[in-house]
Number of protein chains: 2
Amino acid sequence: MIAGQADMALVAEAENGEQALSAFRAHQPDITLMDVRMPTMGGIDAITAIRAEFPAARIIVLTTYEGDAQALRAIKAGAAGYLLKSMLRKELVETIRSVHAGRRRIAADIASELAEHVADDELTVRERDVLALVAVGNANKEVAARMGISEETVKTHMKNVLTKLGARDRTHAVVVALKRGIIDI
Amino acid sequence: MIAGQADMALVAEAENGEQALSAFRAHQPDITLMDVRMPTMGGIDAITAIRAEFPAARIIVLTTYEGDAQALRAIKAGAAGYLLKSMLRKELVETIRSVHAGRRRIAADIASELAEHVADDELTVRERDVLALVAVGNANKEVAARMGISEETVKTHMKNVLTKLGARDRTHAVVVALKRGIIDI
DNA sequence: AGGCCGCTCCCTCTTTCGGGGGATGCCGCC
DNA sequence: GGCGGCATCCCCCGAAAGAGGGAGCGGCCT
């Protein structure tokens, strides 16, 4: 599709983050389209690595819906664009031209979700760790044992998680966190 | 990509299930590629509708990972192939030729997942209803009120759900059901 | 007609959750 | 050097959850 545009050329393709990095070194493309879900090295890490070596790199994330937290991570890593695979071809080429011209382009759905949560506190590392263990069926006591902390501390973390995510109980909290891309299973 | 194959031609495209059905009527293609996530009419319903009118229709589902339950529904609806969007182009064209020749083709990952769960009891309608309400943070008592049944019945359904899904608690059950495509949020 | 299955309801009892409260030590930032 | 954020731990307590049981009823298939 890209090769079909008069003003574009497809110079390289990669199957994972490491290949992406070495392909970037070899070709130094004007624009890079990046998937976030890749084996061996995720897209976010690949963006970070590429931008560390080439701060001017213009990277557009192209992915299926993964939640606002995922998008936020990509943008913080230096992505200049964020698109969903469900979008039309026209939007893709427009975004490529737009980013090439130096602008940022975040898909409207993602942008509005990001906006919804800008005021929210993000979960801390420990809170995410606790929630991830809760998601796979661990009781507070089991989470405590696995993390080497007291059950009381786990309860404190969970209380914070419920408040921050606006969840009604632990089950709801896990669902919200999965939808928003805060935790992965 | 398809138009680039010597033995293939792209005859129509649709944005939702209804368009897919009328486009099918108009063109009656040898092979149909179907996404499951579409607005207004889902892919599964579209497959059912098309196969009701054209029992010989050969439909390949092409989707992102949605769990084995989703795939099972598609196959029961009459899909002849099931592929993941993450797969390589080569596999896609091979599958198209294969299905055109009358064979069935289910992606290996999906096939092994389906195989894992063939022996399992599926959830009943009520069990899924209960679980869906639990997923959004309802306590048993609230689920009971919403469904117009007693809390004891809700507990019975949840007991069955935990057993059937092999889950450790309600939170785990929801995560398993989401992963397997048994419920959607 | 009998049996299976899904849906419904009931009881008991222990464990776990979740909402309050408060407190302490550490670390980085201004 | 103080202040905020994070992580840790503690107490109380009512309400849920979940693991046991058992049981009736209606529909569907054989």
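Letters A, B, ... are given to chains in the order of the sequence lines, protein chains preceding strands, and every chain is numbered from 1. Every value quoted in this text rests on a predicted model; they were computed, and no experiment measured them.
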Take atom [atom1] of [X] and atom [atom2] of [N], then tell me their distance rounded to the nearest Å.
{"X": "His157(A)", "N": "dC9(D)", "atom1": "NE2", "atom2": "P", "result": "8 Å"}
{"X": "Asn160(A)", "N": "dA7(D)", "atom1": "CG", "atom2": "C1'", "result": "10 Å"}
{"X": "Arg168(B)", "N": "dA17(D)", "atom1": "CZ", "atom2": "P", "result": "18 Å"}
{"X": "Asn140(A)", "N": "dA17(D)", "atom1": "CG", "atom2": "C1'", "result": "13 Å"}
{"X": "Asn138(A)", "N": "dC17(C)", "atom1": "CG", "atom2": "C1'", "result": "15 Å"}
{"X": "Ile149(A)", "N": "dA7(D)", "atom1": "CD1", "atom2": "P", "result": "10 Å"}
{"X": "Arg170(A)", "N": "dG19(C)", "atom1": "CZ", "atom2": "C1'", "result": "14 Å"}
{"X": "Glu142(B)", "N": "dG18(C)", "atom1": "CD", "atom2": "P", "result": "12 Å"}

Do Met34(A) and Ile60(A) have side-chain heavy atoms sitting under 4.5 Å apart?
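A side-chain contact under 4.5 Å is absent here.
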Minimum side-chain heavy-atom gap Met87(A)-Leu92(A) below 4.5 Å
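Not in contact.
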Would you indicate which nucleotide in dT8(C), dC17(C), dA19(D) comes nearest to any side-chain atom of Ala139(A)?
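Selected nucleotide (nearest to the side chain): dC17(C).
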Nearest heavy atom decides the nucleotide; on that basis, is Glu151(A) or Lys155(B) closer to the 5' end of DNA chain C?
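The residue closer to the strand's 5' end, by nearest nucleotide, is Lys155(B).
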With DNA chain D as reference, determine whether Asp169(A) or Glu152(B) sits nearer its 5' end, using the nearest nucleotide of each.
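Going by which nucleotide is closer to the 5' end, it is Asp169(A).
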Is there a donor and acceptor pair closer than 3.5 Å between the side chain of Lys159(A) and the base of dG18(C)?
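Answer no: no donor N or O sits under 3.5 Å from an acceptor.
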Give a yes or no on whether a donor-acceptor pair under 3.5 Å exists between the nucleobase atoms of dC7(C), that is its base, and the side chain of Thr156(B).
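Counting by modelled atom types and ignoring angles, no donor-acceptor contact under 3.5 Å is found here.
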Side-chain donor/acceptor of Glu142(A) to backbone N/O of Ala139(A), under 3.5 Å
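Checking the backbone N and O of Ala139(A) against the side chain of Glu142(A), a donor-acceptor pair under 3.5 Å is found.
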Partner of Tyr65(A) by side-chain hydrogen bond (donor to acceptor under 3.5 Å, both in side chains), out of Lys85(A), Lys179(A), Glu113(A):
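Testing Tyr65(A) for a side-chain hydrogen bond (donor to acceptor under 3.5 Å, both in side chains) against Lys85(A), Lys179(A), Glu113(A) leaves exactly one candidate, Glu113(A).
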Verify the contact: side-chain N or O of [X] to OP1 or OP2 of [N], cut-off strictly under 4.0 Å; return yes or no.
{"X": "Ser150(B)", "N": "dC9(C)", "value": "yes"}
{"X": "Arg126(B)", "N": "dT8(C)", "value": "yes"}
{"X": "Thr124(B)", "N": "dC7(C)", "value": "yes"}

Any base atoms under 4.0 Å from Lys141(A), or only sugar-phosphate, or nothing? Heavy atoms, all strands.
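Contact class for Lys141(A): sugar-phosphate only.
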How is Thr153(B) classified with respect to the nucleic acid when contacts are heavy atoms under 4.0 Å: base, sugar-phosphate, or nothing?
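Base, at least one base heavy atom under 4.0 Å.
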Arg170(B) and Thr171(A): side-chain donor and acceptor closer than 3.5 Å?
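Result is no, nothing qualifies.
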